[in-house]
Amino acid sequence: MEDAVTEAVRQQYEAYSYPPPIDDAGEFLKRWGPLTCDPRFAGVQLWPEGRPRQDLRILCAGCGSSQAALIALNNPDCSVVGIDLSEASLAHSNRHRERHRLTNLELRQMSLLDVGAMNRAFDLIICTGVLHHLPDPDAGLKALADVLDPSGSMAIMLYGKAGRAGVYLVQDILRRLGAGPDAKGLGIARELLKFVPSYHYLISPTGKLPNDLADDAGIVDMLLHPQDRAYAVPEIMQFIETAGLVFFGWSDNALYCADRYFGGAMLERVLALPAAEQWAVVDNLTLINSRHDFFVRKPESARFLTRFDTDDYLSYVPLIRAGTRLGGDANALILTRPSPHGDVVTPISRSEALLLEQADGNRSISEILSHAMFTPMAPEQRTKFAGAVCERMWRSGHVLFGRSGS
Ligand SMILES: C[S@@+](CC[C@H](N)C(=O)[O-])C[C@H]1O[C@@H](n2cnc3c(N)ncnc32)[C@H](O)[C@@H]1O
């Protein structure tokens with residue numbers, strides 16, 4: 001028997017499946033490409049050392065209406081288990097399963113708190129937009145950690161506190177008006193939205209309401225939810241530590257990159273802080289993160305964390321992230337990459353560009369540095385130069401780092 005909060009959450013997702021069901025999983029993948037938590041997209045971020053096995057055992061915890069099906073369709077070599085409280089959402093997923101004959105997809109109606117009862121281990125656990133709806137998110141992450149293989153990786157999405165400030169103000173108004181997650185509440189919410197002023201925190205800097213408010217399921221999920229909480233960066237770090245896990249990187253570092261938002265002495269001041277403090281500062285300044293997408297692993301895998309405070313990075317294999325382009329002119333080169341909050345634009349020098357041109361996804365940094373164009377530099381200077389470039393490119397999210405032989 002579930003507690004009253006979980007039962008209210010279940011009922012909401014029975015009535016309003018989320019995300020709003022898609023028609024065809026194949027068409028969706030053709031149009032939008034893989035989800036950012038898909039191992040075919042995020043592989044090197046999940047396992048810089050190389051994936052632990054080809055036939056990954058994947059758990060989509062709180063899979064909603066389509067996520068598990070999209071992952072199973074795009075990863076036919078892998079087995080995918082999708083679990084969710086909502087029978088209605090699982091029925092949508094099952095429709096995709098049948099249409100695309102996804103024999104690698106297993107769907108179960110259950111709480112992720114009970115996942116241990118399956119007596120199975122997973123190489124990849126995807127849990128996006130779910131843990132912040134649990135009455136006890138710590139218990140949820142702990143339950144998932146218990147079924148994560150020691151070499152496994154988890155992709156998590158939690159709501160962002162700074163970026164959702166406006167959401168909580170509007171939720172508060174709707175609660176006072178007695179609006180619940182039902183047709184009557186939806187009517188009240190739609191009416192209220194007509195009165196939200198253009199300067200309200202709910203409105204994005206581009207002057208638009210969040211895309212999610214375009215349909216009933218999105219309005220209920222964002223504004224009428226019976227249980228949701230959001231996280232600031234330090235709270236995420238604490239959440240992960242409490243579960244005995246290790247933070248393994250943001251899905252896109254650019255959303256937390258001090259270099260994009262500061263300059264001069266202030267940038268130096270911020271960059272002098274530990275990384276998690278830098279991210280907290282940027283998050284509080286920009287307010288762009290209404291969601292935090294990140295990866296976590298077990299302490300056994302912490303040795304594969306990307307870091308630049310020892311010479312280990314010389315064995316890293318730099319990989320330019322899809323969508324990153326070199327532009328500008330000979331006097332002012334820039335790297336650009338599209339992002340939901342405006343292009344990520346990073347000025348780079350000619351010698352930095354030459355180094356990045358050698359990044360083919362196979363050669364390690366030390367192999368790249370042995371190229372004739374870098375040998376005139378003194379060895380120590382060369383190493384220092386490469387470390388500084390790679391760290392800056394890592395902060396901007398333009399470059400990801402695998403390991404030699406992965
Ligand atoms: C916002 S939706 C996210 C769906 C999907 N993960 C995605 O990102 O598209 C949240 C889903 O989590 C499910 N859920 C909430 N609490 C859960 C729990 N304790 N165990 C399993 N599923 C849960 C809900 O039923 C709902 O389908």
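In listed order, ligands and their atoms are each counted from 1.
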A.B. asks: Could you establish whether M110 and ligand 1 come within less than 4.0 Å of each other, counting only heavy atoms on the residue side?
C.D. replies: yes
A.B. asks: Who's the nearest protein heavy-atom neighbour of atom 20 (N) of ligand 1, and how far?
C.D. replies: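 Here the closest protein heavy atom is L112 N, 2.9 Å.
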A.B. asks: Does the pair Y18 and H225 meet the rule for a ring-ring contact (aromatic ring centres under 6.0 Å, His included), with working shown?
C.D. replies: CA-CA 12 Å; Y18 190 91; H225 210 288; 9.3 Å; no
A.B. asks: Kindly confirm or rule out an N or O of Q67 lying under 3.5 angstrom from an N or O of ligand 1.
C.D. replies: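 Indeed, backbone or side chain, Q67 has an N or O that close.
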A.B. asks: Quick one: look up the protein heavy atom nearest atom 19 (N) of ligand 1 and list residue, atom name and how far away it is.
C.D. replies: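 Looking at atom 19 (N) of ligand 1, the protein heavy atom closest to it is S111 OG, 3.3 Å.
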A.B. asks: Are R403 and F401 in a cation-pi setup, meaning NZ or CZ lies under 6.0 angstrom from the ring centre and within 45 degrees of the ring axis?
C.D. replies: no
A.B. asks: Strictly under 4.0 Å, does any heavy atom of T6 approach an atom of ligand 1?
C.D. replies: no
A.B. asks: Could you measure the distance from the CD atom of E391 to the OG1 atom of T306? Nearest 0.5 Å is fine.
C.D. replies: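 With rounding to 0.5 Å, CD (E391) is 11.0 Å from OG1 (T306).
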A.B. asks: So is there a nitrogen or oxygen of A61 less than 3.5 Å from a nitrogen or oxygen in ligand 1?
C.D. replies: no
A.B. asks: Where's the contact between S65 and ligand 1, heavy-atom distance under 4.0 Å: side chain, backbone, both or neither?
C.D. replies: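 For S65, there is no contact with ligand 1 at all, from either part.
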A.B. asks: May I ask you to say whether R31 pairs ionically with E27, meaning some side-chain N is under 4.0 Å from a carboxylate O?
C.D. replies: no
A.B. asks: Check R108 with E106, please: is the shortest side-chain N to carboxylate O separation under 4.0 Å?
C.D. replies: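 Between R108 and E106 there is a salt bridge, with a charged N closer than 4.0 Å to a carboxylate O.
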A.B. asks: Please test H133 against Y159 for ring-ring contact (aromatic ring centres under 6.0 Å, His included), starting from the C-alpha separation and ending with a verdict.
C.D. replies: CA-CA 10 Å; H133 294 312; Y159 287 151; 5.6 Å; yes
A.B. asks: Heavy-atom distances under 4.0 Å decide this one: backbone, side chain, both or neither, for L134 against ligand 1?
C.D. replies: side chain
A.B. asks: Between R297 and F248, is NZ or CZ placed under 6.0 angstrom from the six-membered ring centre and within 45° of the ring axis?
C.D. replies: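 Flagged: R297 positioned over aromatic ring of F248.
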A.B. asks: Less than 4.0 Å between a side-chain N and a carboxylate O, is that true for K142 and D138?
C.D. replies: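 No salt bridge links D138 with K142.
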A.B. asks: Under 4.0 Å between a side-chain nitrogen and a carboxylate oxygen: does that hold for D84 and R10?
C.D. replies: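 Between R10 and D84 there is no salt bridge, as every charged N stays at least 4.0 Å from the carboxylate O atoms.
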A.B. asks: List every atom of ligand 1 that sits less than 4.0 Å from any heavy atom of G64, numbering the atoms from 1 in the order shown and giving each element.
C.D. replies: 4 (C), 27 (O)
A.B. asks: Name the closest protein heavy atom to atom 14 (N) of ligand 1, giving the residue it belongs to and the distance to 0.1 Å.
C.D. replies: V130 CG1, 3.8 Å
A.B. asks: If you have a sec, work out which protein heavy atom is nearest atom 4 (C) of ligand 1 and how many Å separate them, to one decimal?
C.D. replies: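 Looking only at protein heavy atoms, the one closest to atom 4 (C) of ligand 1 is G62 O, 3.5 Å.
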A.B. asks: Would you say V9 and ligand 1 have an N/O pair spaced under 3.5 Å apart?
C.D. replies: no
A.B. asks: Run the numbers on Y316 and F304 for ring-ring contact (aromatic ring centres under 6.0 Å, His included), then give the verdict.
C.D. replies: CA-CA 10 Å; Y316 294 179; F304 300 121; over 10 Å; no
A.B. asks: Could you list the atoms of ligand 1 found under 4.0 angstrom from a heavy atom of S86?
C.D. replies: 25 (O)
A.B. asks: Would the distance check show the side chain of Q171 and the main-chain N or O of M222 forming a donor-acceptor pair, the cut-off being under 3.5 Å?
C.D. replies: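 It does hold such a pair.
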A.B. asks: Looking at P19, which atoms of ligand 1 are within less than 4.0 Å of one of its heavy atoms?
C.D. replies: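 By the 4.0 Å cutoff, the relevant atoms are 9 (O).
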A.B. asks: Checking a contact table here: which protein heavy atom is nearest atom 7 (C) of ligand 1, and how many Å away?
C.D. replies: T128 OG1, 3.7 Å
A.B. asks: What protein heavy atom is closest to atom 10 (C) of ligand 1, reported as residue, atom name and distance in Å?
C.D. replies: G129 O, 3.5 Å
A.B. asks: Quick check: do C63 and L90 have side-chain heavy atoms less than 4.5 Å from each other?
C.D. replies: yes
A.B. asks: Any non-hydrogen atom of L113 lying under 4.0 Å from ligand 1?
C.D. replies: no
A.B. asks: Can you report which non-hydrogen protein atom sits closest to atom 16 (N) of ligand 1, along with the distance?
C.D. replies: L85 CD1, 3.4 Å
A.B. asks: Name the closest protein heavy atom to atom 27 (O) of ligand 1, giving the residue it belongs to and the distance to 0.1 Å.
C.D. replies: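 Of every protein heavy atom, D84 OD2, 2.7 Å lies nearest to atom 27 (O) of ligand 1.
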